[in-house]
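Shown next, in structure tokens, is the structure this report addresses.
Here is how names work: the chains are called A, B, and so on, in the same order as the sequence lines, proteins then strands, and each is numbered from 1. Quick caveat, the model's predicted, so the values are computed rather than measured.
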There are 2 protein chains.
Amino acid sequence: MAAKRRQTAQQEHAADVSIYVAAGGEESVQRVITAVYAVTKKLDQWYVRQFADLDLTQGEWSVLASLARAGDTCLTPSQLADLSNVAPSSMTHRLDKMGGRGLLQRRPDESNRTRTLVSLTKDGWALFSAAVRESNVVESDTLRDLSDAERHELARLLEIVIAGLDDIDA
Amino acid sequence: MAAKRRQTAQQEHAADVSIYVAAGGEESVQRVITAVYAVTKKLDQWYVRQFADLDLTQGEWSVLASLARAGDTCLTPSQLADLSNVAPSSMTHRLDKMGGRGLLQRRPDESNRTRTLVSLTKDGWALFSAAVRESNVVESDTLRDLSDAERHELARLLEIVIAGLDDIDA
DNA sequence: ATCGAATATTTCGTCATCGAAGTTCGATTT
DNA sequence: AAATCGAACTTCGATGACGAAATATTCGAT
């Protein structure tokens, strides 16, 4: 049964790619992009379930991760909205809610009082850390069929893609 | 400037990974997963802008793609909800709206009248095809720094991951 | 055969999100 | 120095999504 499903997952993916090619996409492109989204779609499902244990939505997770990645640098609501792919007006309420839970704090920027600076509290970082450790379980499971060398190669190829991303908008 | 940004994109990614590792994640895992999400986040931004030209939201795109991938097989609202990572109750209104635009049709399943069968119309498939062809532009740009051999290798590694995805829930 | 459990879909109330307008502050121009 | 333009954040009205309850149909058990 496991073996059967393993075959069909590949077959399904191949069939999906051929649909996109039939609709006008390039094979070498669709094969990669479709695969990337197949992975993230499944991961997203698990994130929702795992984060529910921590009373965390994907949107709140995005804010938490953005602030954690910024380190000591405070971020403004606008920056957080951009990083979270969300409208600035949506960020207002989200920050209100997360601030109410004590996960972050807002303080006015003294040098420019139109800006607000957002930073993680100790509780916020603790929740981020807990979420990372929980996520790492399924993420590790996801990559379990890849050797260390293959993970390294996969990361290397993706990093080539990342390096070129910012030059495309222009 | 382009060269500078190319370096910083890699540096930023490396810094992000180290944050996740500091929070308790494994390096070999986080390096891959973080990279995958960096790519999809950027792609999602472009999809929103490109699909706006076609009056298509990401949710509607998900329905369109699911039905197209199913080919001749009709899907039920529940199946579409699962495939779109959305609640069944949300799918009802989404199908109403898309049906009103003539993109799909709902008909009762004669063999089991609790079920409803959804299928793409000709207009629906045309819109799917148009969206694929538009998306392929940025997707192709995204992979432009990868040789054919590298794309093949990237796809191969991702397909190994995909093959194991279904076995994890259990 | 009838009753009860399970499944699929749709309403309904509530919350999140969006786009637009409003408000406050900073910067540039005249 | 005053005024206008622009930027950042927040409110506001409307749409979309969720979870729970309601409806309808099928399947299983007594």
Annotated protein contacts, base or backbone, on nucleotides 8-21 of chain C with a non-hydrogen cut-off under 4.0 Å, one of B, S, - each: SSBB----SSBBB-

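When the side-chain hydrogen bond (donor to acceptor under 3.5 Å, both in side chains) test is applied to A:Asp141, no partner is found at least two apart in sequence or on another chain. For B:Ser89, the side-chain hydrogen bond (donor to acceptor under 3.5 Å, both in side chains) test picks out no residue, with sequence neighbours left out. In this structure A:Ser78 satisfies the side-chain hydrogen bond (donor to acceptor under 3.5 Å, both in side chains) test with no other residue, sequence neighbours excluded. Scanning for side-chain hydrogen bond (donor to acceptor under 3.5 Å, both in side chains) contacts around B:Arg115 gives an empty result, with sequence neighbours left out.
Under a 4.5 Å side-chain heavy-atom criterion applied to ILVMFWY residues, the cluster that includes A:Val48 comprises that residue alone.
Contact footprint of chain A on DNA chain D: nucleotides with an atom under 4.0 Å from a non-hydrogen protein atom, first to last in 5' to 3' order, D:dA8 to D:dT11.
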Table please: side-chain donor-acceptor pairs of residues 152-163 of chain A below 3.5 Å, with sequence neighbours left out.
residue  : atom : partner  : partner atom : Å
A:His152 : ND1  : B:Arg31  : NH1          : 3.1
A:Glu153 : OE1  : A:Arg156 : NE           : 3.2
A:Glu153 : OE2  : A:Arg156 : NH2          : 3.2
A:Glu159 : OE1  : B:Arg31  : NH2          : 3.2
A:Glu159 : OE2  : B:His13  : ND1          : 3.4
A:Glu159 : OE2  : B:Arg31  : NE           : 2.8

Which donor-acceptor pairs under 3.5 Å do the side chains of residues 121-129 of chain B make with protein atoms, sequence neighbours left out?
residue  : atom : partner  : partner atom : Å
B:Thr121 : OG1  : B:Gly102 : O            : 2.6
B:Thr121 : OG1  : B:Leu103 : O            : 3.0
B:Thr121 : OG1  : B:Asp123 : N            : 3.4
B:Thr121 : OG1  : B:Gly124 : N            : 3.1
B:Ser129 : OG   : A:Ala23  : O            : 3.0
B:Ser129 : OG   : B:Arg133 : NE           : 3.3
B:Ser129 : OG   : B:Arg133 : NH2          : 3.2

